[in-house]
Amino acid sequence: MPAIEAVAPEAVSAPRAYGQLAAYNAWANTRLYDAAAALGPELCARPMGAFFGSVIATLNHLVVTDRIWLARLEASDAPQPPLDTILETDLARLRALRVAEDERLSAWVAGLDPARLAAEVRYANSSGAVFSQSRASALDHLFNHQTHHRGQAHALLTQLGGRAAAPSLDLIVMQREPARV
């Protein structure tokens, strides 16, 4: 078993930590989409009574919200779509959108420094209320939001195909992969 090196929390810089979260985000999304593809698009489109209805609708929500949050973080004035927007009903095409968004997020995070993380970002939410917060706290939300809704999709995959249909998405599993240790 490979040894895992302990790192004191203060030794990990915030930009590096967000880089790891972006890598985890892409890794977990890949595993989730692999599991969805194995079950097939018909099952993944089945209404299951979840917050967004189906696996595909939940996965759509995550692409939409990543686009919204990245636009906010970039201080873009581009109009934002509704949170329940369906960008794509085809699972393979939705996956391509997800991969592109994960690459975009990883590239954006790679350009961070402590000053950019501390800077305030001002935006209006989907109801029009205006907020201001640090980029770091907005990124915290973005990654937590991904984990939350991936958990919902994971539960749906488990309902549709049993425990074997839904792979572990734990961060520690990614961290323990031989290429990452």
Side-chain angles (χ1 to χ4, degrees), residues 12 14-36 44 48-88 91 94-112 116-159 166-175:
V12 178
R16 179 173 167 236
Y18 286 116
Q20 182 182 53
L21 288 172
Y24 165 72
N25 195 58
W27 174 88
N29 285 332
T30 295
R31 290 175 66 92
L32 195 61
Y33 274 83
D34 286 348
C44 290
M48 298 289 294
F51 192 83
F52 290 99
S54 68
V55 172
I56 289 178
T58 302
L59 297 176
N60 261 282
H61 172 71
L62 287 173
V63 175
V64 169
T65 55
D66 274 9
R67 287 179 175 182
I68 290 170
W69 277 104
L70 271 171
R72 289 172 179 169
L73 290 165
E74 294 167 340
S76 168
D77 290 331
Q80 301 304 311
L83 296 174
D84 59 354
T85 298
I86 299 297
L87 298 169
E88 188 55 69
L91 185 58
L94 181 60
R95 182 182 196 143
L97 296 177
R98 174 76 266 161
V99 168
E101 207 58 34
D102 286 341
E103 290 171 354
R104 182 173 163 234
L105 178 58
S106 291
W108 190 85
V109 166
L112 288 175
R116 283 188 75 204
L117 279 168
E120 294 289 311
V121 60
R122 188 175 165 85
Y123 60 90
N125 71 4
S126 60
S127 300
V130 176
F131 295 92
S132 181
Q133 67 188 105
S134 71
R135 279 195 178 97
S137 65
L139 271 173
D140 291 342
H141 169 72
L142 183 152
F143 289 120
N144 184 67
H145 181 261
Q146 276 276 339
T147 298
H148 168 71
H149 286 298
R150 268 195 307 266
Q152 291 176 333
H154 189 275
L156 294 175
L157 292 172
T158 303
Q159 289 173 17
S168 175
L169 301 178
D170 288 341
L171 174 63
I172 195 71
V173 173
M174 182 198 83
Q175 291 171 331

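Computed over heavy atoms, backbone and side chain alike; hydrogens, waters and symmetry mates excluded.
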Rounded to the nearest 0.5 Å, how far does [atom2] of [Y] lie from [atom1] of [X]?
X: Asp140; Y: Ser134; atom1: CG; atom2: OG; answer: 7.5 Å
X: Asp84; Y: Asn60; atom1: CG; atom2: CG; answer: 10.0 Å
X: Leu70; Y: Leu105; atom1: CG; atom2: CG; answer: 5.0 Å
X: Gln146; Y: Leu62; atom1: CD; atom2: CG; answer: 4.5 Å
X: His149; Y: Asn144; atom1: NE2; atom2: CG; answer: 9.5 Å
X: Asp102; Y: Leu97; atom1: CG; atom2: CG; answer: 11.0 Å

Which atom pair, heavy atoms only, marks the closest approach of [X] to [Y]?
X: Thr58; Y: Gln152; value: CG2-OE1, 4.4 Å
X: Asn25; Y: Arg150; value: OD1-NH1, 2.8 Å
X: Leu157; Y: Ala36; value: CD2-CA, 3.9 Å
X: Gln133; Y: Ala138; value: NE2-N, 3.3 Å
X: Ile56; Y: Leu94; value: O-CD2, 3.8 Å
X: Tyr18; Y: Leu112; value: CB-CD1, 4.4 Å

Is there a donor-acceptor pair closer than 3.5 Å between any side-chain N or O of [X] and the backbone N or O of [Y]?
X: Arg72; Y: Val121; result: no
X: Asn125; Y: Ser127; result: yes
X: Arg122; Y: Val130; result: no
X: Glu88; Y: Ile86; result: no

| said: Within the 3.5 Å criterion, strictly below it, is a donor on Tyr24 or Gln175 matched to an acceptor on the partner's side chain? | reply: no
| query | Any side-chain heavy-atom pair from Tyr123 and Ile68 closer than 4.5 angstrom? | reply | no
| Test item: Arg95 and Asn29 side chains (from C-beta on) under 4.5 Å apart, heavy atoms | no
| request: In plain terms, say whether Arg104 and Glu101 are close enough for a salt bridge, that is, a side-chain N and a carboxylate O under 4.0 Å apart. | output: yes
| request: Kindly determine whether Thr65 and His145 satisfy side chain to side chain contact (heavy atoms under 4.5 Å, CB included), including the steps that lead there. | output: CA-CA 9 Å; Thr65 55; His145 181 261; 3.2 Å; yes
| said: Determine whether Leu59 and Leu91 satisfy the following criterion, side chain to side chain contact (heavy atoms under 4.5 Å, CB included), listing intermediate values before the conclusion. | reply: CA-CA 9 Å; Leu59 297 176; Leu91 185 58; 4.2 Å; yes
| So, for Phe51 and His61, is the gap between ring centers shorter than 6.0 Å? | no
